[in-house]
Amino acid sequence: YIYFANSEGLVVYNGISWQTNILKENLPVRSVLAHNSGKIFTGSFEEFGYWVYDAIGKLRYTSLSSLTEVENNDEIWKIYLRDERVYFQSFTSIYIYDFDTVEKVMAPYTMLFMHNPNGELVTQILENGLFRFSGNDFHKIPGSSIFAQRKVHAIIPYDDKSWMICTDNEGIYIYDGRNFN
């Protein structure tokens, strides 16, 4: 199965046919993550949760948003799994689901997209730079202020210890754990 986030809902392709699963109020699905437990996590506008197949093979949705206070106009654009926790990232907050409860961690300022290079959670905080998200805290990466005014579109592992930081129109940088070149 292949799962797609789509403006119409959660789209599933089984190799033969396509199926669209609609969220309440026809909300768009912005992000998706399939987990080995069988849960398919999705994020939307002021909404996030998971889908599971029922006994007759139909996907059924369970909201996790009701377990916390979701910020107004929040949209969940990225979902990552780390240490058996699911991280739902919006522009204001990170919602952490431990398969029992949801904890909300507010960002110090507005975030852009979270990335997951080499198993780390890294986000760009507007007008500040890059931050590691570890535990429930944001830690600024020294020297990353060069990205305060540059939009980062991707952070990709370059090797075991380095990242490629791809900006919108200002080039690609290599971060070796100490310096950005």
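We count residues from 1, following the sequence as given. Note that the coordinates shown come from a computational prediction; the quantities given were computed from them, not determined experimentally. Just the heavy atoms: all of them, side chains too, but no hydrogens, waters or symmetry mates, feed the values below.
In this pair, W18 and F4 present their aromatic rings tilted. The plane angle is within the 30 to 60° band. Aromatic ring pairs are classed by plane angle as parallel below 30°, tilted from 30° to 60° and perpendicular above 60°; the pair Y1 and Y53 is tilted. Between Y95 and F48, the ring planes are tilted. Angles from 30° to 60° get that label. Using cut-offs of 30° and 60° for the angle between ring planes, the F133 and Y87 rings count as perpendicular. Ring-plane geometry between F147 and Y173 is classed as perpendicular, the angle between the planes exceeding 60 degrees on a 0 to 90 degree scale with a lower cut at 30.
Side chain of Q124 to main chain of F131: no donor-acceptor pair is present (N/O by atom type, distance under 3.5 Å, no hydrogens or angles).
By the 6.0 Å contact criterion, CZ on R82 is enclosed, its count of non-hydrogen atoms from other residues, nucleotides or ligands being greater than 12. The number of heavy atoms from other shown groups lying within 6.0 Å of NZ (K58) does not exceed 12.
Ring pair F99/H35: centre-to-centre distance below 6.0 Å.
At a threshold of 4.5 Å between non-hydrogen side-chain atoms, the residues N6 and T20 do not count as touching. Taking 4.5 Å as the limit, every side-chain heavy atom of S134 sits out of range of all side-chain heavy atoms of E120. Residues E75 and S90 fail the side-chain proximity criterion, which asks for heavy atoms closer than 4.5 Å. Taking 4.5 Å as the limit, every side-chain heavy atom of I174 sits out of range of all side-chain heavy atoms of F180.
Ion pairing of D54 with R60 is present here, as a side-chain N (NZ or NE/NH1/NH2) and a carboxylate O approach within less than 4.0 Å. A salt bridge links E47 with K24: the closest approach of a Lys/Arg side-chain nitrogen to an acidic carboxylate oxygen falls below 4.0 angstrom. Salt-bridge annotation for K151 and E170: absent, with no side-chain N of the basic residue lying under 4.0 Å from a carboxylate O of the acidic one.
Under the 4.5 Å side-chain heavy-atom criterion for ILVMFWY residues, no single connected hydrophobic cluster contains both V29 and W77. Each of V86 and Y3 belongs to its own hydrophobic cluster when Ile, Leu, Val, Met, Phe, Trp and Tyr are linked at side-chain heavy-atom distances under 4.5 angstrom.
Distance check: I155 CD1 to I165 CD1 gives 5.0 Å after rounding to the nearest 0.5 Å. Once rounded to the nearest 0.5 Å, the distance linking OG of S144 with CZ of R132 reads 9.5 Å. Rounded to the nearest 0.5 Å, atoms CD1 (I76) and CZ (F88) are 7.5 Å apart. Within the model, atoms CD1 of I96 and CZ of R85 stand 6.5 Å from one another, a figure rounded to the nearest 0.5 Å.
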Inset, instruction - I would like to know whether Y97 and K39 meet side chain to side chain contact (heavy atoms under 4.5 Å, CB included); could you show each step before the answer? - result: CA-CA 13 Å; Y97 175 59; K39 293 179 178 177; 3.8 Å; yes
Legend entry - Candidate pair Y158 and W163, rule ring-ring contact (aromatic ring centres under 6.0 Å, His included), full reasoning: CA-CA 5 Å; Y158 185 65; W163 309 335; over 10 Å; no
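Residues Q89 and M114 approach most closely at OE1-N, 3.0 Å, considering heavy atoms.
Under 3.5 Å, the side chains of T92 and D74 contain a donor-acceptor pair of N or O atoms.
Relative to the six-membered ring of F113, K78 meets both conditions, a distance below 6.0 Å and an angle of at most 45° to the axis.
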